[in-house]
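Below is one structure; the comments refer to it alone.
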Amino acid sequence: MTTNIAPQTNTAPAATRTPTKAAPPVRRKKRNDEELSGSIGSRLLKHIVLIAFGIIMLYPLLWMLVSSLRPNDEIFREAGLWLTTFEISNYTEGWNALQSPFGHYMINSMIVVVGSIIGNLVSCSMAAYAFARLKFRRRNLLFAIMLMTIMLPIHVIIVPQYIIFSELGWVNTFIPLVLPKLLATDAFFVFLMVQFIRGLPKELDEAARIDGCGHVRIFTRIILPLMMPALATTTIFTFIWTWNDFFSQLIYLTDPEMYTVPVALRSFVDSTATSSWGSMFAMSIVSLLPVFLVFLFGQKYLVKGIATTGIK
């Protein structure tokens with residue numbers, strides 16, 4: 001006997017079914033258009049505000065650039081950026097206006113900068129490794145004291161330092177400007193490198209110690225190659241701060257032949273005679289070029305070094 005099973009069909013009346021309600025496509029498209037236009041408007045407003053603030057911040061630099069191409073009698077008469085005459089002679093006169101060509105003072109600044117960079121890289125990296133990896137008595141106390149020196153302004157320590165260097169006969173030389181860098185006196189860079197080394201796994205040190213490496217080989221062959229972002233950040237900051245330093249270089253350098261760029265620029269301003277503002281602005285633009293190039297090509301290393309040291 002065969003049994004025929006008929007397929008079950010949905011016999012529910014059509015009136016009892018509850019169809020799903022879909023949003024009208026016209027209303028959904030209108031909502032998306034409103035959100036898109038709102039986001040575009042907010043982004044446009046942010047860009048306008050940022051551009052306006054950027055122009056305000058760049059205006060003094062642009063005005064100095066324009067003023068370096070103006071005659072002296074027109075520099076402080078015009079506050080705008082429109083040039084009516086071009087005085088290229090400001091650059092040629094400013095280059096040879098002082099006792100020596102301006103390139104001589106740039107070489108002096110470069111000597112101080114290179115010595116300061118080498119000193120900070122060597123001394124601060126060694127001090128940072130000691131604070132981050134070595135265990136010795138009162139390490140935390142000494143580290144705290146080192147951090148407290150960041151709060152000391154240079155005006156507090158410049159007098160005793162000057163007395164010491166004067167007794168040693170080192171005034172009017174580059175030694176007072178370079179020697180402190182070899183003693184890890186910049187606590188900011190020590191702290192920067194300590195934070196970076198603490199982020200490195202200690203298993204690397206333990207593996208090297210098993211292979212027979214001491215602290216010197218661990219530091220030079222393992223830690224130091226991994227510290228390149230922090231070292232690049234230290235190099236860039238040291239270059240900018242030392243190149244623009246005026247106070248300490250004015251204190252220690254008295255011979256015009258030993259002047260650096262900031263001190264040489266001060267020689268263009270004379271309180272008793274006519275100041276050559278056009279030449280000073282022209283040489284100021286020339287002195288800004290190395291800083292601009294260093295920041296331009298080292299910006300990615302600067303951001304990477306700060307981002308990987310835990311400094312927010």
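Values in this document were obtained by computation on a predicted structure and should not be read as measured data.
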Note, S287 side chain near P262 side chain (heavy atom, < 4.5 Å): no
Are there more than 12 heavy atoms of other residues, nucleotides or ligands under 6.0 Å from atom CZ of R221? no
Path from L142 to I197 over hydrophobic side-chain contacts below 4.5 Å: yes
In Å, rounded to the nearest 0.5 Å, how long is the span from CG of L177 to OG1 of T260? 7.5 Å
Are I164 and Q161 close enough that some pair of their side-chain heavy atoms sits under 4.5 Å apart? no
In the structure I gave you, are the side-chain heavy atoms of Q249 and Y259 within less than 4.5 Å of one another anywhere? no
Find out whether T235 and F189 are in side-chain contact, i.e. whether some heavy atom of one side chain is under 4.5 Å from a heavy atom of the other. no
With a 4.5 Å heavy-atom cut-off, do V112 and D245 have their side chains touching? no
Classify the ring geometry of F165 against Y252: parallel below 30°, tilted from 30° to 60°, perpendicular beyond 60°. perpendicular
Report the C-alpha distance between V159 and I163 in whole Å, list the side-chain angles of each, state the deciding distance to 0.1 Å, and finish with yes or no for side-chain contact (heavy atoms from CB on, under 4.5 Å). CA-CA 6 Å; V159 174; I163 294 174; 4.2 Å; yes
What is the ring orientation for Y129 with F219, classed by angle as parallel under 30°, tilted 30 to 60°, or perpendicular over 60°? tilted
From CG (N108) to CE (M106), nearest 0.5 Å: 11.0 Å
Please verify the inter-ring angle class for W277 with F76; under 30° counts as parallel, over 60° as perpendicular, anything in between as tilted. perpendicular
Taking CZ in F295 as the centre, count heavy atoms belonging to other residues, nucleotides or ligands within less than 6.0 Å. Is the count above 12? no
side-chain contact (heavy atoms from CB on, under 4.5 Å) assessment of F247 paired with H155: CA-CA 9 Å; F247 182 73; H155 309 84; 3.8 Å; yes
Are a donor atom and an acceptor atom from the side chains of N120 and T234 found within less than 3.5 Å of each other? no
Can you confirm whether F136 is buried at CZ, in the sense that more than 12 heavy atoms of other residues, nucleotides or ligands lie under 6.0 Å from that atom? yes
In terms of ring plane angle, is the pair F102 and Y105 parallel, tilted or perpendicular, where the classes change at 30° and 60°? perpendicular
Would you say CZ of F292 has more than 12 non-hydrogen atoms from neighbouring residues, nucleotides or ligands within 6.0 angstrom? no
side-chain contact (heavy atoms from CB on, under 4.5 Å) between F281 and V66, intermediate numbers included: CA-CA 9 Å; F281 289 151; V66 172; over 6 Å; no
In Å and rounded to the nearest 0.5 Å, what is the CH2 to CE distance from W95 to M283? 6.5 Å
Donor-acceptor contact below 3.5 Å, side chain S125 vs main chain V122: yes
State, with a plain yes or no, whether a side-chain heavy atom of S67 is found less than 4.5 Å away from one of M64. no
Is D186 reaching over with its side chain to a backbone N or O of K181, donor-acceptor style, under 3.5 angstrom? no
Using 30° and 60° as the class boundaries, would you call the ring planes of F188 and F237 parallel, tilted or perpendicular? perpendicular
Pairwise side-chain contact, L168 with I175, heavy-atom cut-off 4.5 Å (strictly under): no
Any side-chain heavy-atom pair from L200 and R133 closer than 4.5 angstrom? yes
Checking side-chain contact (heavy atoms from CB on, under 4.5 Å) for the pair L147/V190: CA distance, chi angles, key distance, verdict? CA-CA 9 Å; L147 290 179; V190 177; over 6 Å; no
For the atom pair CZ (R70) and CG (L65), what is the distance rounded to the nearest 0.5 Å? 10.5 Å
How many angstroms lie between OG in S68 and CH2 in W63, if you round to the nearest 0.5 Å? 10.0 Å
Do L183 and W170 share a hydrophobic cluster, counting only Ile, Leu, Val, Met, Phe, Trp and Tyr and linking them when any side-chain heavy atoms are less than 4.5 Å apart? no
Does the S109 side chain pair with the main chain of V261, one donor and one acceptor, at a distance under 3.5 Å? yes
Could you grab the distance from atom CG of D205 to atom CD1 of I223, nearest 0.5 Å is fine? 4.5 Å
Using modelled atom types only, decide if a donor and an acceptor are shared between the side chain of S123 and the backbone of A184 within a distance under 3.5 Å. yes
